[in-house]
**Student:** 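Attaching a single structure in structure tokens format; questions to follow.
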Amino acid sequence: MGKNKGIFKKIVAGVMTFTMCLGMVTPAFAKEDSKKTKPSYNADMIVAIDTSGSMEGEKMDKAKASSKNMINSIWKGQGKYRINTRVALITFESNIVHHKNEGDDFFEIEDKEKLFNEIDGLKTTGATFTQGAIYKARMMFRESDADKKIIVLVTDGKPNYVYEPKFDIDDYMKNKKEPTGNDFKYDGGRFDKDMNTEKYNFCTVAESNICKKENIDVLDVYTVSIDCDDKTKDILEDIATDPDHAKDSDTDDIEDTFDDLTKEIQNKLEKEELEKEIEDLNKKIEELDKDKKELEKGKD
């Protein structure tokens, strides 16, 4: 019995130490302590930038600068928290380009210069294959076990390429049927035959919905529209995980839009990281209660 009491005291002491440490790095967010603490919350963010011909000029320049500022702020801000964010870059025009980090899908904070060089080097050409960008992000997320997955999709126009549907698209649109991940010819490349704007939009939104279902409860999709018409803004709202996640901007205020978006993403990451730490602490307490009950059984 004396031995059991000693074990129980060690368990209590361990949990108290854990709780004290948690208090130091969570509510107070002490910078020096958090840098020495292993991140407890991992986020994977994919930035998908439209590099079609219509983005040429000031729009592209501001989109690149604003994307870098957003990424830099998120990386810089997470130093105060137990968060580790990896960032991937996808660009889409008539084709989809995944800008890899020397073979890796994502860039870490120490790879910032390499990622920013990739962004600085972006060129504009071609049409707008939005579904392809979302599909690529969906495939990348299948390899991710992050606590939070984020897509930030930046575009100035409506989709005009999709993957060829295997289904009767007129029937699906008329009867509001939802395509699945097996309903497109993903190995066939871009498709634009016998299509119109409504059909392009339907396939693109369907792809986003498939991605949301595969990553339910952990995915946030944000869209940034630049100089888009109202119909395109509506489509981008449907692509986003929430209408509030669809950001509307003109060329003149791209920077302000990205500033607001950055704060929104940071606040949500910080809130969910805290919630996860509280959840982890509750699990520790439950384990302690279980161990205590086992010890009390041993006394009988």
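Side chains included, hydrogens not; waters and symmetry mates left out as well; all remaining heavy atoms used.
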**Student:** Less than 4.0 Å between a side-chain N and a carboxylate O, is that true for Glu275 and Lys271?
**Tutor:** yes
**Student:** Using a strict 4.0 Å threshold on nitrogen-to-oxygen distance, state whether Asp229 and Lys158 make a salt bridge.
**Tutor:** yes
**Student:** Can a side-chain donor-acceptor contact be found between Glu207 and Tyr186 if the only test is distance below 3.5 angstrom?
**Tutor:** yes
**Student:** Does a donor on one side chain and an acceptor on the other come within less than 3.5 Å for Asp259 and Thr262?
**Tutor:** no
**Student:** Verify whether the ring centers belonging to Tyr163 and Phe129 lie closer than 6.0 Å.
**Tutor:** yes
**Student:** Under a 4.0 Å N-O cut-off, is there an ion pair linking Lys68 with Asp120?
**Tutor:** yes
**Student:** Could you walk me through whether Met195 and Val162 pass the side-chain contact (heavy atoms from CB on, under 4.5 Å) test, one step at a time?
**Tutor:** CA-CA 9 Å; Met195 301 289 278; Val162 294; 3.4 Å; yes
**Student:** Check whether Thr232 reaches the backbone of Gly157 with its side chain - one donor and one acceptor, N or O, closer than 3.5 Å.
**Tutor:** no
**Student:** Thinking salt bridges, do Lys213 and Glu178 make one under a 4.0 Å N-O criterion?
**Tutor:** yes
**Student:** Can you measure from OG1 (Thr91) to CD1 (Ile96) and round to the nearest 0.5 angstrom?
**Tutor:** 7.5 Å
**Student:** Hydrophobic cluster membership, with links at side-chain heavy-atom distances under 4.5 Å among I/L/V/M/F/W/Y: are Val224 and Ile239 in one?
**Tutor:** no
**Student:** Taking the six-membered ring where the residue is Trp, are the ring centres of Phe184 and Tyr135 under 6.0 Å apart?
**Tutor:** no
**Student:** If you apply the rule side-chain contact (heavy atoms from CB on, under 4.5 Å), what do you find for Leu236 with Thr155, and how did you get there?
**Tutor:** CA-CA 9 Å; Leu236 291 172; Thr155 185; 3.8 Å; yes
**Student:** Which atom names give the shortest non-hydrogen contact between Glu272 and Tyr41, and what distance separates them?
**Tutor:** OE1-OH, 2.8 Å
**Student:** Going by an N to O cut-off under 4.0 Å, is there a salt bridge joining Asp183 and Lys166?
**Tutor:** no
**Student:** Where do Phe141 and Asp44 come nearest, in terms of heavy atoms and distance?
**Tutor:** CE2-O, 3.8 Å
**Student:** Do NZ/NE/NH1/NH2 and the carboxylate oxygens of Lys247 and Asp260 come within less than 4.0 Å?
**Tutor:** no
**Student:** Can you check whether Tyr222 reaches Ile265 side chain to side chain, under 4.5 Å on heavy atoms?
**Tutor:** yes
**Student:** What distance do Phe116 atom CZ and Lys64 atom NZ have between them, rounded to the nearest 0.5 Å?
**Tutor:** 13.0 Å
**Student:** Any side-chain heavy atom of Glu56 within less than 4.5 Å of one from Thr125?
**Tutor:** no
**Student:** Only one of Lys59, Lys62, Met60 clears side-chain contact (heavy atoms from CB on, under 4.5 Å) with Ile226; which?
**Tutor:** Lys59
**Student:** Check Asp244 against Glu264 and note the closest heavy-atom contact, atom names and distance.
**Tutor:** O-OE2, 4.1 Å
**Student:** If you take all heavy atoms of Cys203 and Pro165, which pair is closest and at what distance?
**Tutor:** SG-CG, 4.0 Å
**Student:** Apply side chain to side chain donor-acceptor pair (under 3.5 Å) to Gln78 and Thr85, showing your working.
**Tutor:** CA-CA 8 Å; Gln78 74 182 18; Thr85 304; 2.8 Å; yes
**Student:** So, Lys114 and Glu118, do they make that salt bridge, N to O below 4.0 Å?
**Tutor:** no
**Student:** Dump the intermediate steps for side-chain contact (heavy atoms from CB on, under 4.5 Å) on His98 and Met140, then the final yes or no.
**Tutor:** CA-CA 10 Å; His98 176 195; Met140 291 167 64; 3.4 Å; yes
**Student:** May I ask you to test the Ile169-Met173 pair for a side-chain heavy-atom distance under 4.5 Å?
**Tutor:** yes
**Student:** State whether the side chain of Asn196 and the backbone N or O of Lys199 hold a donor-acceptor pair below 3.5 Å, judged by distance alone.
**Tutor:** yes
**Student:** Below 4.0 angstrom, N of the basic side chain to O of the carboxylate: do Arg86 and Asp104 qualify?
**Tutor:** no
**Student:** Do side-chain atoms of Glu93 reach the backbone of Asn95 as a donor and acceptor pair under 3.5 angstrom?
**Tutor:** yes
**Student:** Can you tell whether the side chains of Lys276 and Asp280 come within less than 4.0 Å, N to carboxylate O?
**Tutor:** yes
**Student:** What is the minimum heavy-atom distance between Ile150 and Leu219, and which atoms define it?
**Tutor:** N-CD1, 4.3 Å
**Student:** For side-chain contact (heavy atoms from CB on, under 4.5 Å), just list the numbers for Trp75 and Lys112, CA-CA rounded to whole Å, side-chain angles, deciding distance to a tenth of an Å, and then say yes or no.
**Tutor:** CA-CA 9 Å; Trp75 270 338; Lys112 182 171 73 172; 3.7 Å; yes
**Student:** For the hydrophobic clusters of this structure (ILVMFWY residues joined by side-chain heavy atoms under 4.5 Å, transitively), does one cluster hold both Leu153 and Ile119?
**Tutor:** no
**Student:** What I want to find out is whether Asp220 reaches Lys149 closely enough, with some N-O distance under 4.0 Å, to be called a salt bridge.
**Tutor:** no
